Trainee: 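A single structure is presented below for examination.
Note on naming: letters A, B, ... go to the chains in the order of the sequence lines (proteins, then strands), and numbering restarts at 1 for each one. Since the model is a prediction, treat every value here as computed from it, not as a measurement.
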Amino acid sequence: MNAIWLVILPILGAFLLPLVYRQNTRVGTWIGPFILGLSLILAFGLWGDIAANGVQTILMGGFPAPVGIVFYVDHLALLFVIMLVLGTLVLWLGKEKGNIQEETLLLLIVAGGSGLVLSGDLFNIYVFYEIVAVASYGLAASRGSYAASLRFLILGALGSSLLLLGIALIYAITGTLNLAHLATHPEILQGTVGLTAFALILIGLGVKAELFPVNTWVPEVYTTASARISALLGGLISKMALLVILRLLVLLYDTSAAHLLLLTLGVLGVITGELAAMRATHLRQVLAYSSIGQLGLVAIAFSIPGPAGIIAGIALALHHALVKPALFMLTKAWGKQLSHLAGASQSLLTTILFLVLALSLIGIPPLPGFWAKFLLLKGALATNIAAYQMVITVVLIATVIETIYFMRIVRVMFNTKPPPIKAPALQELVPALVFVTLLFISVLNLGTIGKSLEIVATSAADKSIYMNFLPL
Amino acid sequence: MTLLSGLIFTIGLGLLLIVVIKSLIFEQVLTGGIGSIILEQAPNDVGTANIVSSVLLAYRGLDTLGELTVLFVAATAVGLVLGQPRPDAPRDPDAGFILRSAADLLFPFMIILGAYIILHGHLTPGGGFQGGAILAAAFFIPILASPSSPLNHKVSSLVEGLAGSAFILIGLLALFDKGYFLAPLLGTGEVGELFSAGSLPLLYLAVGLKVGAELAGLLARLHETEV
């Protein structure tokens, strides 16, 4: 089994999709789900393969490591691929059929996201990032929200060029792009040039990862794009960029300066995101700002050195990837000012879903959100570094603010004075229901998931496993 | 006022970036990077006279597939934004006799030039992307000269889809034959000959056809929605 299929299949499907649609529309509508399903099966097969035989590297074109491109397939990367493919497949449920261009872009964004986390080569990462970025500009504009999408495009293009500049700086001082090869000479990258390159890469990847200074596109795009696209970009794609940042941190920048830079951006993201969410008057905007806050939490977790931080980061990312898309899907009929939500509690199913999701996002004990935040606090406490101890305060304050704004929404929903609003159609609720089901399944298996996450994180935090595959 | 302050802020940010980059000290440079290895090995490993092509198609073939995909993503996104052209929209009248004849005369020469650049990509500077752009121009000039005879989008998207799939299929053939995606096939041949460098010219042909069909379709789509 070769992990290249995870990238090639969606690209091939996207190339052929317009041709198939012209021949037979009925077959065309099934191509997207079919390819995503096939990728999912492949990814699960690979997961078993790696559990049995250890981490794999795949050489492109058969050229050995520093010269050719390498894919590095471990459990962490596969976990994020499965999350992306499964999430996109669930969001496909109940989607209106026959929008060829949107389906093509969805397949391509999955291909780009999978390549982004699997690739072990800096320039290759840039190429896949570019695929993801351009596809998301197109998807953001798919409902006629051209102004928001254009501003997103300008910011994203600036970010991509800074990312390329950072990669060019690394290539200029080291003469190589292979991550494992770079990891053998970490001291070169820890000078001024290397750290500048890291800062530029952080800003570049930060556009997709919704990091603090470059996330101004988030509220605007998530409010105007369709619910499914907002769910995809906020819930799934943003984590792919964060995973690349984590890889760079573990392999190339295992220094306190780089860790503290990511920590600072994460803390600023949490504070600004949550405070803005409290002031927001539009349900979609609240969710968008809360997504900035949650991704800030993931960034904080990833900045904690060692496996404890990685476990917390994965748990937060997986939890957010289940909850935020589901919440976005609920807003399809409710996507208006908060005051319009009065009487929304008339539709019982939707109300229960919203309550469960909001409580899990806040972190109320039996739900997985509590467990994820608890892991973050545990990891931060275990470091014995003053900066991380301070972070605990930030996380707890953020939780209080989250409680305030979600409970305010719930209070409006139970207000029955004005005439009740229309309940969302059941077809719209299907993805949300699937996500909540997955959430409940994960509550029941929290112990098993915790153990396997620990194994995933320990192997990801050990850079000698990664470097062993370099035939030098 | 807001515009002005935004402008000043942007200029300041740009200056800051320039100063940061300029004040960097490039001293600890790791020698023996991958560039020198490729220069040494490429003629024997891949067999192209043009080393750049060996990097583009052999050593970093996946990046080229990625760039091809970026172009496809951009074209699809533009198509999504522009939407379908209205069939009843008024069209510009045809240009005069001189322009139309010149467009007709240019057409075969541009096709030959484009094909030459694509097919000699592994020998001389040029290749699929450059040749493809010339092919696209060859099909677009007649549209500019006589807007009433539009491009056949069915043919262009057929060529585009099949050429893109051909690139991937060649890669997959290598995966089944040699065990590596996009590994060079068919041996290297004699360096400098037209039929050399194995499957690389075929990959360049696929790139050229895809880029040509894509850009031609995109320009025609822009032209059609403009009227």
Trainee: Just how far is it from atom CG of A/Leu19 to atom CD of B/Glu160, taken to the nearest 0.5 Å?
Mentor: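 Output value for this atom pair is 8.0 Å.
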
Trainee: Below 4.5 Å from any heavy atom of chain A, which atoms of B/Leu80 appear? Answer side chain, backbone, both or neither.
Mentor: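 Interface part for B/Leu80: both.
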
Trainee: Quick one, B/Leu62 and A/Phe71 - any side-chain contact, counting heavy atoms below 4.5 Å?
Mentor: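 They are in contact (side-chain heavy atoms under 4.5 Å apart), so the answer is yes.
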
Trainee: Just wondering, are more than 12 heavy atoms of other shown residues or ligands nearer than 6.0 Å to CZ in B/Phe139?
Mentor: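 Open: at most 12 neighbouring heavy atoms sit under 6.0 Å from CZ of B/Phe139.
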
Trainee: Among A/Val132, A/Ile109, A/Val134, which has the most heavy-atom pairs under 4.5 Å with chain B?
Mentor: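 With the most close heavy-atom pairs to chain B, the winner is A/Val134.
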
Trainee: Identify which part of A/Ala14 has an atom lying under 4.5 Å from any heavy atom of chain B, answering side chain, backbone, both or neither.
Mentor: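 Backbone plus side chain of A/Ala14, per the 4.5 Å heavy-atom cut-off to chain B.
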
Trainee: To the nearest 0.5 Å, what is the distance between CG on B/Leu65 and CE on A/Met60?
Mentor: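 Result: 10.5 Å between the selected atoms.
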
Trainee: Quick one: what part of A/Leu162 sits under 4.5 Å from any heavy atom of chain B, side chain, backbone, both or neither?
Mentor: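 For A/Leu162, side-chain heavy atoms alone lie under 4.5 Å from chain B.
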
Trainee: Checking heavy atoms, do the side chain of A/Thr196, its backbone, both or neither come under 4.5 Å from chain B?
Mentor: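 The answer is the side chain of A/Thr196.
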
Trainee: Go through the atoms of A/Leu200 and report whether side chain, backbone, both or neither lie under 4.5 Å from a heavy atom of chain B.
Mentor: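 For A/Leu200, the side chain is the part near chain B, not the backbone.
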
Trainee: Mind checking the CG-CD spacing from B/Leu82 to A/Gln101? Nearest 0.5 Å is all I need.
Mentor: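 Answer for the CG-CD pair, B/Leu82 versus A/Gln101, is 9.5 Å.
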
Trainee: Looking only at heavy atoms, what is the nearest atom pair of A/Tyr146 and B/Val81, with distance?
Mentor: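 Scanning both residues completely, I find the closest heavy atoms to be OH-O, 3.3 Å.
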
Trainee: Is B/Ala58 close to chain A through its backbone or its side chain, or both, or neither, when contacts mean heavy atoms under 4.5 Å?
Mentor: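 Both backbone and side chain of B/Ala58 come within 4.5 Å of chain A.
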
Trainee: Test B/Tyr180 against A/Ile58 for side-chain contact (heavy atoms from CB on, under 4.5 Å), laying out the working first.
Mentor: CA-CA 8 Å; B/Tyr180 299 109; A/Ile58 295 161; 5.9 Å; no

Trainee: Atom CD1 of A/Ile8 and atom CG of B/Leu175: how far apart are they, to the nearest 0.5 Å?
Mentor: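 The CD1 atom of A/Ile8 sits 9.0 Å away from the CG atom of B/Leu175.
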
Trainee: Below 4.5 Å, heavy atoms only, C-beta onward: do B/Arg60 and A/Val127 meet side chain to side chain?
Mentor: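 They are not in side-chain contact.
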
Trainee: Which atoms of B/Leu158 come close to chain A, meaning under 4.5 Å heavy atom to heavy atom: side chain ones, backbone ones, both, or neither?
Mentor: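 Its backbone and side chain both get close to chain A.
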
Trainee: Considering all heavy atoms of both residues, which atom of B/Ala77 and which atom of A/Gly138 are nearest to each other, and what is their separation?
Mentor: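 Taking B/Ala77 first and A/Gly138 second, the nearest heavy atoms are CB-CA, 3.6 Å.
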
Trainee: Let me know if A/Leu108 has heavy atoms under 4.5 Å from chain B in its side chain, its backbone, both or neither.
Mentor: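 Contact with chain B is through the side chain of A/Leu108 alone.
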
Trainee: What part of B/Val20 is in contact with chain A, defined as an atom under 4.5 angstrom from a non-hydrogen atom: side chain, backbone, both or neither?
Mentor: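 The side chain, not the backbone.
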
Trainee: Supply the atom-to-atom distance A/Phe15 CZ to B/Thr69 OG1, rounded to the nearest 0.5 angstrom.
Mentor: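 Spacing of CZ (A/Phe15) from OG1 (B/Thr69) equals 4.0 Å.
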
Trainee: Can you say whether A/Ile100 sits under 4.5 Å from chain B via the side chain, the backbone, both, or neither, judging by heavy atoms?
Mentor: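 Interface part for A/Ile100: neither.
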
Trainee: What is the minimum heavy-atom distance between B/Ser165 and A/Leu16, and which atoms define it?
Mentor: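 Closest approach of B/Ser165 to A/Leu16, heavy atoms only: OG-CD2, 3.1 Å.
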
Trainee: Do the rings of B/Phe176 and A/Trp5 sit parallel, tilted or perpendicular, given the 30° and 60° boundaries?
Mentor: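 Rings of B/Phe176 and A/Trp5: tilted, as their planes differ by 30° to 60°.
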
Trainee: Is B/Lys154 in contact with chain A via its backbone, its side chain, both, or neither, using a 4.5 Å heavy-atom distance?
Mentor: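 Contact with chain A is through both the backbone and side chain of B/Lys154.
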
Trainee: Under 4.5 Å from any heavy atom of chain B, what part of A/Ile4 do you find: side chain, backbone, both or neither?
Mentor: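 Just the side chain, heavy atoms under 4.5 Å.
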
Trainee: Heavy-atom distances under 4.5 Å only: say whether A/Tyr129 touches chain B with side chain, backbone, both or neither.
Mentor: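 For A/Tyr129, neither part sits under 4.5 Å from chain B.
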
Trainee: What part of A/Tyr171 is in contact with chain B, defined as an atom under 4.5 angstrom from a non-hydrogen atom: side chain, backbone, both or neither?
Mentor: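 Contact with chain B: side chain only.
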
Trainee: Find the distance between OG (A/Ser161) and CG (B/Leu17) and round it off to the nearest 0.5 Å.
Mentor: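 One finds 9.0 Å between OG of A/Ser161 and CG of B/Leu17.
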
Trainee: Report yes if some heavy atom in the side chain of A/Leu105 is under 4.5 Å from a heavy atom in the side chain of B/Phe72; otherwise report no.
Mentor: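 A side-chain contact is absent here, since even the closest heavy-atom pair is not under 4.5 Å.
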
